[in-house]
Amino acid sequence: MKPCEGAGRQQQTAAGDERRLHDDPQCRAEQAQAEDPWRECMDTAVQLALQAGQVVKKALTEEKRVSTKTSVVDLVTETDHLVEELLISALREKYPTHRFIGEESTSAGSKCILTNSPTWIIDPIDGTCNFVHRFPPVAVSIGFSVNRELEFGVIYHCTEGKMYTGRKGQGAFCNQERLHVTKETGIRNAFILTEIGPKRDPATLKLFLGNMEKFLKFQAHGIRIIGSATLALCHVASGAADGYYQFGLHCWDLAAATVIIREAGGVVIDTSGGPLDLMSCRVVAAGTMELAQSIAQELQTINYGRDDD
Ligand code: IPD
């Protein structure tokens, strides 16, 4: 047996092998995986996200029944409900003691409260408006928290077949390729993503456009809106964008992506510049703390309440 094989059996290795176990990042990763209590849950999430992604991809080009939720631009389809049911019923069968927070269950009246219990935080289709219009960025997002700490995140880009994963302490990947954020520190030259959120009243629009205008005035290289908060956050993780901010997103948009960005070396904070509050409906993410703080400093707050209100 090579020293790295069966990393859990570390005590059986000779002193030299032990040293190797310590020094070799591959060995360390294997050992961490062997001892990881939530690895099996993460593997299940990857399998289910793939299955759910096939359902979403097939439905993308079919006729849809569309309804509205909090506003006329906050859309939901029968596929959102179907996929959430598919995910939660499979997970509940396998992990009967775990708790669930799902976008559509919450809309239907389920409580959205994070406890210390192992909790799955699910967005069955992120980018529902894109999905309705057959615009490609649509994703299935599955986050997992224990003791209110995010343990792993899985986001499947349904139309590009990209599986983004992040496991606390073990790095972030897209289809096995390691993800790294950019090192951009200032707004000038930065490529920044945001999303509009579901409110369109004049006061909200004024604040939203005012925030965007500031970054443009500061000579950010670009501001983009792609219609899927989770995938926009994955772009920060992969280094395709330097930063992200939004008011009005939910814990199911944020949970999985937060682990992925942090594991790619980035930061995810509150729009006040303080620590992230998953339930606060506000976020700034960036490759560096300097950029995240600079973005946060410029933002005028748009009040969306809290997920757990
Ligand atoms: C929404 C999308 C949208 C963002 C919203 C999200 P949904 O998720 O990510 O781009 O502006 O804040 O809630 O409704 O498509 O799952």
Side-chain angles (χ1 to χ4, degrees), residues 42 45-46 48-50 52-53 55-57 60 74-77 79-80 83-84 87 101-104 106-107 112 119-132 135-145 150-167 172-175 179 181 192-198 224-241 243-264 266-268 276 278-287 304 307:
M42 182 165 163
V46 168
L48 285 172
L50 260 179
V55 175
V56 174
K57 195 173 173 190
L60 189 76
D74 189 7
L75 309 181
V76 62
T77 69
T79 311
D80 295 71
V83 170
E84 184 158 319
L87 294 172
I101 293 176
E103 175 171 19
E104 306 317 333
T106 303
S107 292
C112 181
T119 304
W120 298 81
I121 306 167
I122 295 171
D123 191 344
I125 303 181
D126 181 52
T128 301
C129 185
N130 288 349
F131 172 73
V132 166
F135 190 65
V138 283
V140 175
S141 178
I142 305 176
F144 184 75
S145 90
L150 292 164
E151 289 289 341
F152 65 77
V154 169
I155 295 175
Y156 184 61
H157 189 320
C158 306
T159 56
E160 288 189 358
K162 286 184 177 161
M163 182 68 75
Y164 293 89
T165 58
R167 170 74 185 103
F173 297 84
C174 176
N175 292 355
L179 298 178
V181 294
I192 299 173
L193 307 183
T194 187
E195 290 293 325
I196 308 177
R224 299 285 185 274
I225 298 172
I226 63 166
S228 160
T230 62
L231 290 177
L233 288 160
C234 285
H235 286 314
V236 175
S238 72
Y244 181 86
Y245 67 90
Q246 194 193 341
F247 295 95
L249 79 177
H250 299 280
C251 57
W252 45 82
D253 299 312
L254 253 185
T258 295
V259 192
I260 294 171
I261 291 182
R262 287 180 176 158
E263 287 301 316
V267 297
V268 186
L276 176 74
L278 192 63
M279 295 292 163
S280 70
C281 299
R282 29 197 253 180
V283 74
V284 176
Y304 269 92
D307 279 334

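In what follows, residues are counted from 1 in the order of the sequence shown. Everything quoted here is computed from the prediction, not taken from an experiment.
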Any [X] side-chain heavy atom under 4.5 Å of [Y] side chain:
X	Y	value
Val154	Met163	yes
Thr230	Leu233	no
Met279	Ile101	yes
His157	Cys234	no
Leu254	Leu249	yes
Cys281	His250	yes
Arg282	Gln246	no
Tyr244	Glu195	yes

Nearest heavy-atom pair of [X] and [Y]: which atoms, and what distance?
X	Y	result
Glu104	Pro124	CG-CG, 4.1 Å
Ala286	Ile261	O-CG2, 4.4 Å
Cys112	Cys251	SG-SG, 3.7 Å
Leu193	Ala232	CD1-O, 3.5 Å
Ala237	Ile260	CB-CG2, 3.7 Å
Val140	Gly53	CG2-N, 4.1 Å

Nearest 0.5 Å, what's the [atom1]-[atom2] distance between [X] and [Y]?
X	Y	atom1	atom2	answer
Ile125	Thr79	CD1	OG1	5.0 Å
Trp252	Thr106	CH2	OG1	4.0 Å
Ser238	Lys162	OG	NZ	7.5 Å
Leu276	Arg262	CG	CZ	5.5 Å
Phe135	Thr159	CZ	OG1	9.5 Å
Thr119	Leu150	OG1	CG	10.0 Å

Open item on the list: For Phe144 and Phe152, take the angle between the two ring planes, folded into 0 to 90°, and tell me which bin it lands in: parallel under 30, tilted 30 to 60, perpendicular over 60.
Closed with: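 Parallel: the ring planes of Phe144 and Phe152 meet at under 30°.
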
Open item on the list: The test is side chain to side chain contact (heavy atoms under 4.5 Å, CB included); show your working for Val259 and Glu151 and say whether it passes.
Closed with: CA-CA 7 Å; Val259 192; Glu151 289 289 341; over 6 Å; no

Task: Option passing side chain to side chain contact (heavy atoms under 4.5 Å, CB included) with Val83 (candidates Ile122, Thr77, Asp123, Val55) - done: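 Only one option passes, and that is Val55.
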
- [ ] Name all residues meeting the side-chain hydrogen bond (donor to acceptor under 3.5 Å, both in side chains) criterion together with His235; count only those two or more places apart in sequence or in a different chain, and write none if there are none.
- [x]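 Counting only residues at least two positions away or on another chain, His235 forms no side-chain hydrogen bond (donor to acceptor under 3.5 Å, both in side chains).
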
Task: Whether Asp80 side chain and Leu75 backbone form a donor-acceptor pair below 3.5 Å - done: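 No.
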
Task: Side-chain donor/acceptor of Glu84 to backbone N/O of Glu103, under 3.5 Å - done: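 A pair under 3.5 Å: yes.
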
- [ ] Verify side chain to side chain contact (heavy atoms under 4.5 Å, CB included) between Ser228 and Val138, making sure each step is shown before the conclusion.
- [x] CA-CA 6 Å; Ser228 160; Val138 283; over 6 Å; no

TODO: Report the C-alpha separation of Thr194 and Ile225 in whole Å, then their side-chain angles, then the decisive distance to 0.1 Å, and conclude whether the side chain to side chain contact (heavy atoms under 4.5 Å, CB included) test is met.
DONE: CA-CA 5 Å; Thr194 187; Ile225 298 172; 4.0 Å; yes

Task: Trace of the side chain to side chain contact (heavy atoms under 4.5 Å, CB included) decision for Ile121 with Leu278 - done: CA-CA 11 Å; Ile121 306 167; Leu278 192 63; 4.0 Å; yes

TODO: Tell me yes or no: between the side chains of Ser141 and Asp126, is some donor less than 3.5 Å from an acceptor?
DONE: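 Note: Ser141 and Asp126 side chains miss the donor-acceptor criterion.
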
